[in-house]
A.B. asks: 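Here it is, the structure, as structure tokens.
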Amino acid sequence: MLTGSLLFSVMMAVLAIQTRKMRNAVIYLCAFSLSMSLVYLLYHAPDVALAEAVIGSAISTILYLVALQKYKILTFFYRSEDTEVRDEHYQESRKTPLIKLLEKFSAKQELELQIIHTLDHYPEINEKHPNAFLLEEAEGHTRIYGHPENNLIDALEDFLIKEGFPKASFTIVKVEDTVL
Amino acid sequence: MRRMLIASFLGIVAIFFLFYARRIPPSEPMVMAQYYINNAFHATGAPNSVTSVYLFYRYYDTLFETMTLFFSVVGVVCMSVHRGAEDNE
Amino acid sequence: MIFESFVDGETISVVLFFIGVYGICARRNILKSIISIGIMQAAIILFFLSIKADPAAVPPIGANIADYARVADPVPQALMITAIVVGISVTALSLTMFVNLHHKYGSSNWNKVKRKRRDID
């Protein structure tokens, strides 16, 4: 029991440092704290175990998550014409090659990727979330809408071309405010 | 490359520490701990002797710990308020 | 088994401490540095709790613990509760400073932040 939780905590510490995604690192740190609290309990220190479980595992995880939320998040809205009719298919997260590329891009730009499935068009999204992008997929062609003042849009275009995403299958549309 | 260098250096230092710490001879019996264990209940009335150390024998420590927590909360509130004011401009 | 005898609180605490030092040295992300500080702090607490630990001891709780032959040491336990609370203060303050820094310089990388500071100064 003691040996197992000690080795588990070492594994969690290594994972928390080695993983690239910040949210996963925070969750690994939470698991690390929890297993450390079990170790303290097995070392005959129930008071310290209680304090660690409440403070180290719960409150500090909440603090990290709040800080991560304040930290920049890259938001992509995703609208697919093909699946619009079948509602239940929104729930399943499909890892298309484009989404894998976007994950790579956000890791390179030190941002956390967040993908939201939506039915709205770009004007409504831009009103609420000025820094977000919209991916629109229709008949095998992808359109990426974004605001031209967003400095990420050129970087995204360069990245997609450099990674060998077929040039003919996507268009980047820069929508000005005045057009709306 | 740089990470591998750092990792191997720290690994060597850690192995040195581990084998050095293994060679420390066992020290004297725990006189202070035995004193607290024998007398804590009669001196403070608390059945938990960790509590009696925390709140009776070492209460200055607890007091300054609370002060540290208080000042850190003050710091967090000050910085957050400053940031929010920037956002509103 | 030699491996079983080697895995105890003291050796694991040294290993965890050096994992934390590696995280501070090798990772350039500020949030990773804060996580590493948390890991180092947990390692130090584990060291203080497990040094001279006796598997046959009882926790130092109860009115009649003076009757037991082997009782865990209450002093490091009380001080480690203090250390946990101080650690959460350090984490909260450094996370707030990190959010401010990210707001100001737009990066969470030590080197990029340093470069931007040099450009501004």
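Just the heavy atoms: all of them, side chains too, but no hydrogens, waters or symmetry mates, feed the values below. Order of the sequence lines sets the chain letters (A, B, ...), proteins ahead of strands, with each chain counted from 1.
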A.B. asks: May I ask you to check whether over 12 heavy atoms, not counting those of B:Phe41, lie within 6.0 Å of atom CZ?
C.D. replies: yes
A.B. asks: Between B:Ser52 and B:Ala40, is there a donor-acceptor pair closer than 3.5 Å when you use the side chain of the first and the backbone of the second?
C.D. replies: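 No; zero donor-acceptor contacts below 3.5 Å.
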A.B. asks: How far does OG of B:Ser8 sit from CZ of B:Arg3, to the nearest 0.5 angstrom?
C.D. replies: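 Going from the OG atom of B:Ser8 to the CZ atom of B:Arg3 covers 14.0 Å.
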A.B. asks: Only counting residues at least two apart or in another chain, list the ones meeting salt bridge (Lys or Arg N to Asp or Glu O under 4.0 Å) with C:Arg70.
C.D. replies: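 In terms of salt bridge (Lys or Arg N to Asp or Glu O under 4.0 Å), with neighbours along the sequence ignored, C:Arg70 is linked to C:Asp54.
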A.B. asks: Could you measure the distance from the CZ atom of C:Arg28 to the NZ atom of C:Lys112? Nearest 0.5 Å is fine.
C.D. replies: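 If we round to the nearest 0.5 Å, C:Arg28:CZ and C:Lys112:NZ are 10.5 Å apart.
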A.B. asks: Pick one of side chain, backbone, both or neither for B:Tyr54, based on which atoms fall under 4.5 Å of a heavy atom in chain C.
C.D. replies: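 Both parts, heavy atoms under 4.5 Å.
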A.B. asks: Taking all non-hydrogen atoms of both residues, which atom of C:Val75 and which atom of B:Val53 are closest, and how far apart?
C.D. replies: CA-CG1, 4.3 Å
A.B. asks: Under 4.5 Å heavy-atom distance to chain C, tell me which part of B:Thr62 shows up: side chain, backbone, both or neither.
C.D. replies: neither
A.B. asks: Just verifying a value: how many Å separate B:Asn48 CG and B:Leu55 CG, rounded to the nearest 0.5 Å?
C.D. replies: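 Atom-to-atom, B:Asn48:CG and B:Leu55:CG are 10.0 Å apart.
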A.B. asks: With a 4.5 angstrom heavy-atom cut-off, which part of C:Ala83 approaches chain B: side chain, backbone, both or neither?
C.D. replies: neither
A.B. asks: Under a 4.5 Å heavy-atom cut-off, does chain C meet the side chain of B:Arg58, its backbone, both or neither?
C.D. replies: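 The answer is the side chain of B:Arg58.
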A.B. asks: May I ask you to list the residues in residues 36-46 of chain C that approach chain B closer than 4.5 angstrom, counting heavy atoms only, ordered by number?
C.D. replies: none
A.B. asks: Look at B:Gly75, B:Ala33, B:Ser49 and state which one has the largest set of heavy-atom pairs under 4.5 Å with chain C.
C.D. replies: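 Heavy-atom pair counts peak at B:Ser49.
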A.B. asks: Please report whether the ring centroid of C:Phe18 lies less than 6.0 Å from that of B:Phe17.
C.D. replies: yes
